[in-house]
Amino acid sequence: MPTDNSGIDALVTALLGELDDLADAVSERIRREVVLYQAGDPVPVGSLRQSVLDNAELILRQFVSEHAPDLSAPWATGRERAQQGAPLPEVVRAYRVGFAHLWDALVARARASEVDDRVLVDFAATVWRLVGTYTDAMADAYRDTASQIMLEREHERSMLVEALFTGVLGSQDTLWEAAQTLGLPVEGCFVVVAAENPELGKRSLVGIEPRLRAGGIRSAWRLSPEEHIGVLALPYPSLGERLPDLLRGGATARIGLSPAYPHLRETPRALRLARLALGTMPPGQADVARWDDAPVAVLIAAAPGEAERVASTVFGPLLDLPPADRKVLVDTLDAWFACGGSAAEAGKRLYCHANTVRYRLRRVEELTGRGLGDPKAVAELATALQVVRLLPVRG
C-alpha cells in the first residue's frame, strides 16, 4: 500500500475529516443514478446514508492500511439489502457508484494538493482491486441472507399449509393471516389435490405450481415422504373441469381431486375426499381421479377393510379358484358390466365367442349364488368386482 511519501495518506485523512459531507454527497449521487433508491422504498433514505457512511469510512481507512481488508461493512450492507428485498443487481450498481464517487473525491483532492498524477495512477490498481473485494463480499452476504430468508419462508409456508390441512387454524383471524402469507383468498372456489409420490420424498407433480400460476390458479403445497398435496384457488369454477387434464400431463402416480368447496376452512375435509379419490384407482396407475367420478369406488376407499369382507362374502368360492381361473371369470364379469350387459359386445372385447361369455357368467352365478337377472345381485356383484380391482382381496 502507499506510504506517507506517496501523499495518499494525507488525502485520505482530509477526506475522513469531511466524512459526513462525503456520505451525504455519495447518498445523493446513488439516489440520482440508481432508480431503486429514488423513492426511499425498499431502501429508506436513512438506511442508505448510514450504509454509505460505514462503508466509506472503512474503505478510506483501508486505502492506507497494510492489513487485510475489513469486510464487516459490506457484509452488513449485503445482509440489510437482502432483508429489505432490494434486487442484487441494483445494489451492486449502487455500490459501484459509491466507489466511483470516493475515487472522484480522492482525485479532486489530489489535484488540489498537487499530488503527482503518477502516484494516482499507481494507486488506482489498489483502489479497483478493493472495489472488487468489497463488492464481492457485499454480494456474497446478500446471497447468503437471501437464501436463508427463502428457506425460512419456505419453512413458514410449509408449516402454514400443514396447519391448513390439519384444521389447526381455528379462528377467522389466523385463517386470514395464513391465507395472506400463502397468497390465497379465504373465500372462493377451492380444490385439494392429493398426489401419491412415485418414490420416497420425490414430487409426483414436478413444476406444478408455476404451471398452475400461468393458468391463473394460485396454490399452496406440502411435500411429505408419501404424498404431494396442494390446495388450489380457482379464479372461476368452470376451470375445475380442465384440472384433470392439466394434472394428468405431469402425473407419474395416482392423483386424487376433491370436489370444489367455497371456504378455506373446509380444506381438511376436502383433503380427506381427495385422498379417497386417489384410492379409487389401482396401485401403480398414473392417472387423475375426481371424487365424484366413481362414488362406489370412493366408498370402497373410505372403508377398505369392510369392502374386502363384502367382496369375500359376495364372491365366496370364486376367490378360492386358482389365480388363472379366477382372473378369467373376473375379467369376463368386468367386460360384461363395461359393455352394458351385452355378451356379444363383451365377447368382442375379450376376443371370444358370446356363448363363451355366457358360459363363464353362468359359472360366476353358480359360484356366487347370485343371478345376473336379479338387480340386487347385480349391484352386489358390481360392488365386489370394484373391490377386487382396487384392493388385494384374498385368493
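Remember, predicted model here, so these are calculated numbers, not experimental data.
Counting heavy atoms from C-beta outward, L164 and L182 have side chains that approach closer than 4.5 Å. Between I217 and L243 the shortest side-chain heavy-atom distance falls below 4.5 Å. Within the 4.5 Å cutoff, side-chain heavy atoms of V330 are placed close to those of L318. The shortest distance between side-chain heavy atoms of V364 and T332 does not fall below 4.5 Å. Side-chain contact between V107 and W103 is present, with at least one heavy-atom pair separated by less than 4.5 Å. Using a 4.5 Å cut-off on side-chain heavy atoms (C-beta onward), Y134 and I59 make contact. Between I229 and L223 the shortest side-chain heavy-atom distance does not fall below 4.5 Å. In this structure, the side chains of P317 and L321 stay at 4.5 Å or more apart for every pair of heavy atoms.
Using a 4.0 Å cut-off between a side-chain N of Lys or Arg and a carboxylate O of Asp or Glu, E266 and R269 do not qualify as a salt bridge. Comment: R254 does not engage D287 in a salt bridge, judged by the lack of any side-chain N to carboxylate O separation of less than 4.0 angstrom. With salt bridges taken as basic N to acidic carboxylate O contacts below 4.0 Å, one links E33 and R29. A salt bridge does not link R362 with E365: every distance from a Lys NZ or Arg NE/NH1/NH2 to an Asp or Glu carboxylate oxygen is 4.0 Å or more. A salt bridge links R370 with E380: at least one charged nitrogen is closer than 4.0 Å to a carboxylate oxygen. Of the charged side-chain nitrogens involved, none lies within less than 4.0 Å of a carboxylate oxygen, so that E187 and R265 do not count as a salt-bridged pair. Using a 4.0 Å cut-off between charged nitrogen and carboxylate oxygen, R49 and D20 count as a salt-bridge pair. Checked for salt-bridge contact, D245 and R242 miss the test: no charged N lies under 4.0 Å from a carboxylate O.
By the neighbour-count criterion of 12 heavy atoms within 6.0 Å, atom CZ of R222 is densely surrounded, having more than that number from other residues, nucleotides or ligands. Atom CZ of R157 is surrounded by more than 12 heavy atoms from other residues, nucleotides or ligands within 6.0 Å.
Summarising the geometry of V35 relative to E90, their closest heavy-atom pair is N-OE1, 4.3 Å, with the distance given to 0.1 Å. In plain terms, the two heavy atoms of A343 and V357 that are nearest each other are O-CG2, 3.8 Å. Nearest approach of A344 to A354, heavy atoms of both residues: CA-CB, 3.8 Å. When all heavy atoms of N355 and R358 are compared, the pair lying nearest together is OD1-NH1, 2.8 Å. The two residues A274 and V192 make their nearest non-hydrogen contact at CB-O, 3.6 Å. Minimum heavy-atom separation, P42 to L36: CD-CD1, 3.5 Å.
If you take CG on L205 and OG1 on T252, they are separated by 7.0 Å, rounding to the nearest 0.5 Å. For the atom pair CD of E209 and CG of L232, the computed distance is 9.0 Å after rounding to the nearest 0.5 Å. Rounded to the nearest 0.5 Å, atoms CG (L257) and CD1 (I255) are 7.5 Å apart. One distance of note links CZ of R79 with CD of Q84; it measures 12.5 Å at 0.5 Å rounding. One finds the CZ atom of R31 at 12.0 Å from the OH atom of Y37 (value rounded to the nearest 0.5 Å). From L239, atom CG reaches atom CG of L246 across 8.0 Å, with rounding to the nearest 0.5 Å.
Listed for the T280 side chain is a donor-acceptor partner under 3.5 Å among the backbone atoms of A277. Without hydrogens or angle criteria, Q83 side chain to A146 main chain gives no donor-acceptor distance under 3.5 Å.
Connection of M159 to V231 is not established within any shared hydrophobic cluster, with ILVMFWY side chains joined at heavy-atom distances below 4.5 Å, either directly or through further cluster members. Under the 4.5 Å side-chain heavy-atom criterion for ILVMFWY residues, no single connected hydrophobic cluster contains both L381 and Y359. When hydrophobic clusters are built by joining Ile, Leu, Val, Met, Phe, Trp and Tyr residues whose side-chain heavy atoms come closer than 4.5 Å, directly or via intermediates, L19 is grouped together with V127. Under a hydrophobic-cluster definition in which Ile, Leu, Val, Met, Phe, Trp and Tyr are linked whenever side-chain heavy atoms come within less than 4.5 Å, directly or via other members, L22 and V45 are assigned to different clusters. Each of V328 and W336 belongs to its own hydrophobic cluster when Ile, Leu, Val, Met, Phe, Trp and Tyr are linked at side-chain heavy-atom distances under 4.5 angstrom.
Under the 3.5 Å distance criterion, with hydrogens and angles disregarded, a donor-acceptor pair is assigned to the side chains of Y261 and T267. Counting only N and O atoms by type, the side chains of D144 and Q148 include no donor and acceptor under 3.5 Å apart. Of the N and O atoms on the side chains of S219 and W221, at least one donor lies less than 3.5 Å from an acceptor on the other residue. With hydrogens and angles left out, the side-chain atoms of E80 and S47 include a donor and acceptor closer than 3.5 Å.
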* To do: In sequence, state the C-alpha distance, the side-chain angles, and the governing distance for R61 and E57, and then conclude on salt bridge (Lys or Arg N to Asp or Glu O under 4.0 Å).
  => CA-CA 6 Å; R61 294 190 186 282; E57 181 175 7; 3.2 Å; yes

* Asked: Do L329 and L367 pass the side-chain contact (heavy atoms from CB on, under 4.5 Å) test, and can you show the C-alpha distance, the side-chain angles, and the key distance before you say yes or no?
  -> CA-CA 10 Å; L329 295 184; L367 289 166; 3.7 Å; yes

* To do: Test V388 against L319 for side-chain contact (heavy atoms from CB on, under 4.5 Å), laying out the working first.
  => CA-CA 10 Å; V388 300; L319 296 177; 4.2 Å; yes

* Before giving the answer on side-chain contact (heavy atoms from CB on, under 4.5 Å), spell out for C352 and R360 the whole-Å C-alpha distance, their side-chain angles and the decisive distance to 0.1 Å. => CA-CA 11 Å; C352 65; R360 293 173 183 173; 4.0 Å; yes

* To do: Please report the C-alpha distance between R143 and M138 in whole Å, then the side-chain angles of each, then the deciding distance to 0.1 Å, and finally whether the side-chain contact (heavy atoms from CB on, under 4.5 Å) criterion is met.
  => CA-CA 9 Å; R143 294 189 187 96; M138 182 277 297; over 6 Å; no

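The residue from V26, V52, L106, I30 that alone fulfils the side chain to side chain contact (heavy atoms under 4.5 Å, CB included) condition with H101 is V26.
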